[in-house]
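Chain letters run A, B, ... following the sequence lines, proteins first and then strands; every chain starts at 1.
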Number of protein chains: 2
Amino acid sequence: MFDPLGYAPAYLRVSEAIRDRILRRDLKEGQALPTETELARQFEVNRSTVREALRKLESSGLLGRRAGGKRLYVTRPTRESVGGGLSQALALHETRVVDVWEALQAVQPGIAQAAALRRTPAALERLAAAARRFAGRRADRDHAVEDVADFFNALGEASDNLVFVLLNEPLLRLLKPSLAVIIDRVAQARGRIETAQKHIVNAVAAKDSETAAAWMTRHVRDFRRGYEVAGIPLSSEVGQDLDVA
Amino acid sequence: MFDPLGYAPAYLRVSEAIRDRILRRDLKEGQALPTETELARQFEVNRSTVREALRKLESSGLLGRRAGGKRLYVTRPTRESVGGGLSQALALHETRVVDVWEALQAVQPGIAQAAALRRTPAALERLAAAARRFAGRRADRDHAVEDVADFFNALGEASDNLVFVLLNEPLLRLLKPSLAVIIDRVAQARGRIETAQKHIVNAVAAKDSETAAAWMTRHVRDFRRGYEVAGIPLSSEVGQDLDVA
DNA sequence: CACATATTATTGTCCGACAATCAGACAGGC
DNA sequence: GCCTGTCTGATTGTCGGACAATAATATGTG
């Protein structure tokens with residue numbers, strides 16, 4: 001019958017006030033925030049209260065600190081902080097590897113397509129470089145995984161669409177552990193990845209979006225095959241990798 | 001030559017310690033956290049320090065409060081909190097409507113496909129209900145927008161893949177403002193949406209994933225047409241809607 | 001001007017305090 | 001028995017003040 005009359009503690013109101021100013025670009029990126037004492041004076045609250053508000057903004061990635069610095073600066077959420085939040089949420093919700101795989105299958109061809117259409121020469125070179133790195137370094141398992149992730153990331157950046165880049169990050173983060181197992185256990189995995197990457201690079205270079213998407217579809221399907229061959233149950237949960245920047 | 005030896009302030013170490021316990025399911029969802037005083041005692045820090053740590057966890061959605069409650073409970077990040085973070089990040093990065101549209105185009109057909117394959121009768125009914133609501137309520141603009149979002153959300157849930165659900169949320173959030181404009185300005189928009197939804201519901205009901213994906217592709221392409229007819233520049237930035245739960 | 005040094009400002013942390021209010025116990029009235 | 005009011009203790013939200021460590025800035029010196 002009645003809505004609860006909303007009360008919000010001061011630290012929340014302060015944090016929202018600051019966040020609004022940031023979102024409406026009133027406080028611009030790179031700008032230094034006033035000192036805690038000054039904020040406390042302006043909001044007419046205690047410094048402890050201000051500090052609680054700042055911690056909230058800090059962990060949403062809206063405020064950051066320069067390396068070894070003391071003051072807080074306005075920042076935009078990085079790929080890592082956004083991806084960390086999302087992958088953390090997914091890990092907590094008992095997401096299975098097959099779910100992540102399915103999402104990759106849905107989204108990667110679209111990314112490849114967009115990348116092929118809009119890639120700049122520089123972005124293409126970064127993509128090709130990632131593929132070369134993967135092909136060149138046949139020894140180390142962990143580096144290989146990183147290189148695969150770099151390849152996907154480079155493709156996302158080549159699409160010139162930040163939505164893709166940000167969606168990519170958490171998916172890759174969750175993919176990595178199982179990908180490492182695949183590379184370890186499936187002999188032909190490296191070769192197949194290498195081939196797919198080469199074809200995708202070529203298609204992107206030629207601005208052939210159809211072929212890029214088609215090869216990406218094949219590439220992602222290969223991962224599923226890899227799970228089966230490596231003996232990873234599709235319904236196993238994605239690991240809770242705790243390193244959330 | 002040497003890496004900077006990592007010093008982390010106490011509030012960060014405390015927050016990470018608690019977060020790790022949550023991520024490794026040591027603290028289970030719904031469980032009440034010890035009181036602030038007790039945490040301060042265990043960590044051997046001051047209560048203020050504990051409170052700063054708690055604020056961080058609170059805003060990553062790992063801790064929450066029951067309505068009108070005082071204690072903090074372990075929670076899993078909700079769709080809203082995850083979506084809020086991501087859409088906030090995108091809004092700050094000058095994402096354009098065309099970027100969001102492109103992501104929808106990439107991801108929605110895959111969602112429709114998965115939903116068609118795996119929908120339960122209950123999920124199908126929720127999807128159909130959302131379509132009926134949209135078709136029935138021709139008057140109100142804002143409700144219509146909500147109904148469209150509900151349709152996409154219901155589809156995401158029908159896919160039984162949380163990754164899709166979580167990816168959907170921020171995209172829909174960013175879509176809404178421009179969708180409202182389309183519905184206002186484009187006379188035939190409602191009709192076309194209604195038709196597409198009907199076909200998608202039918203395809204999902206028949207477990208015909210191909211048709212579901214195809215109609216979804218058409219549906220999303222229609223939005224782009226809507227932007228053009230409504231005179232919304234594709235390169236306009238997605239609004240910074242400030243209501244980030 | 002470059003570089004070392006002193007000063008100041010700012011953050012991180014602590015302590016103690018108190019009002020508001022939530023949770024639970026407890027009793028009284030229908 | 002169930003609802004209502006009252007009491008008590010525990011817990012959170014907020015405050016004020018304090019101090020060490022150190023980053024930021026000013027100052028002097030070659």
Enquirer: Quickly work out the A/Arg13 CZ to D/dT14 P distance and round it to whole Å.
Expert: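 It works out to 7 Å between those atoms.
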
Enquirer: For the side chain of A/Asp20 and the backbone of A/Ala17, is there at least one donor-acceptor N/O pair under 3.5 Å apart?
Expert: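 No: the side chain of A/Asp20 does not pair with the backbone of A/Ala17.
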
Enquirer: Can you tell me the distance, in whole Å, between the CD atom of B/Glu44 and the C1' atom of C/dG12?
Expert: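 About 18 Å, once rounded to whole Å.
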
Enquirer: How would you label the contact of A/Arg66 with the nucleic acid (heavy atoms, under 4.0 Å): base, sugar-phosphate, or nothing?
Expert: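 Here A/Arg66 touches no strand at all.
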
Enquirer: What is the separation between atom CD on A/Glu36 and atom C1' on D/dG17, rounded to the nearest whole Å?
Expert: 15 Å

Enquirer: Hey, could you give me the CZ/CG distance between A/Phe152 and A/Leu175, rounded to the nearest 0.5 Å?
Expert: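 Reported value, rounded in 0.5 Å steps: 7.0 Å.
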
Enquirer: Rounded to the nearest 0.5 Å, how far does CG of A/Leu155 lie from CZ of A/Phe164?
Expert: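 CG of A/Leu155 is found 10.0 Å from CZ of A/Phe164.
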
Enquirer: Give the B/S/- string for nucleotides 16-26 of chain C, one per nucleotide from 5' to 3', where a protein heavy atom under 4.0 Å of the base yields B, of only the sugar-phosphate yields S, and otherwise -.
Expert: -B--BBS----

Enquirer: Send over the distance from B/Tyr11 OH to C/dG12 C1', rounded to a whole Å.
Expert: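 In whole Å, C/dG12 C1' and B/Tyr11 OH are 8 Å from each other.
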
Enquirer: Starting from P on D/dG16, measure out to CZ on A/Arg51 and report it in whole angstrom.
Expert: 16 Å

Enquirer: Between A/Leu63 (CG) and C/dT11 (C1'), how many Å, whole number?
Expert: 15 Å

Enquirer: For B/Leu72 and D/dT11, give me the distance from atom CG to atom P, rounded to whole Å.
Expert: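 Atom-to-atom, B/Leu72 to D/dT11, this comes out as 13 Å.
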
Enquirer: Starting the side chain at C-beta, find the nucleotide from C/dT13, D/dG13, C/dG12 nearest to B/Thr49.
Expert: C/dT13

Enquirer: Calculate the interatomic distance between A/Arg41 atom CZ and D/dG16 atom C1'; express it in whole Å.
Expert: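 Taking CZ of A/Arg41 and C1' of D/dG16, I get 18 Å after rounding.
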
Enquirer: To the nearest 0.5 angstrom, please state how far the CG atom of A/Asn46 sits from the CD atom of A/Glu36.
Expert: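 So the CG of A/Asn46 and the CD of A/Glu36 are separated by 11.0 Å.
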
Enquirer: Is B/Arg76 reaching over with its side chain to a backbone N or O of A/Leu92, donor-acceptor style, under 3.5 angstrom?
Expert: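 Yes; at least one donor-acceptor contact below 3.5 Å.
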
Enquirer: If you check the A/Arg65 side chain, which of D/dG13, C/dT11, C/dC14 turns out closest?
Expert: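 Comparing D/dG13, C/dT11, C/dC14 against the side chain of A/Arg65, the answer is C/dT11.
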
Enquirer: State whether B/Lys176 and B/Glu146 are salt-bridged, where the test is any N-O pair (Lys NZ or Arg NE/NH1/NH2 against Asp/Glu carboxylate O) under 4.0 Å.
Expert: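 Salt bridge flag = yes for B/Glu146 with B/Lys176.
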
Enquirer: Report yes or no: is the cationic atom of B/Arg55 (NZ for Lys, CZ for Arg) closer than 6.0 Å to the six-membered ring centre of A/Tyr11, at no more than 45° off its axis?
Expert: yes

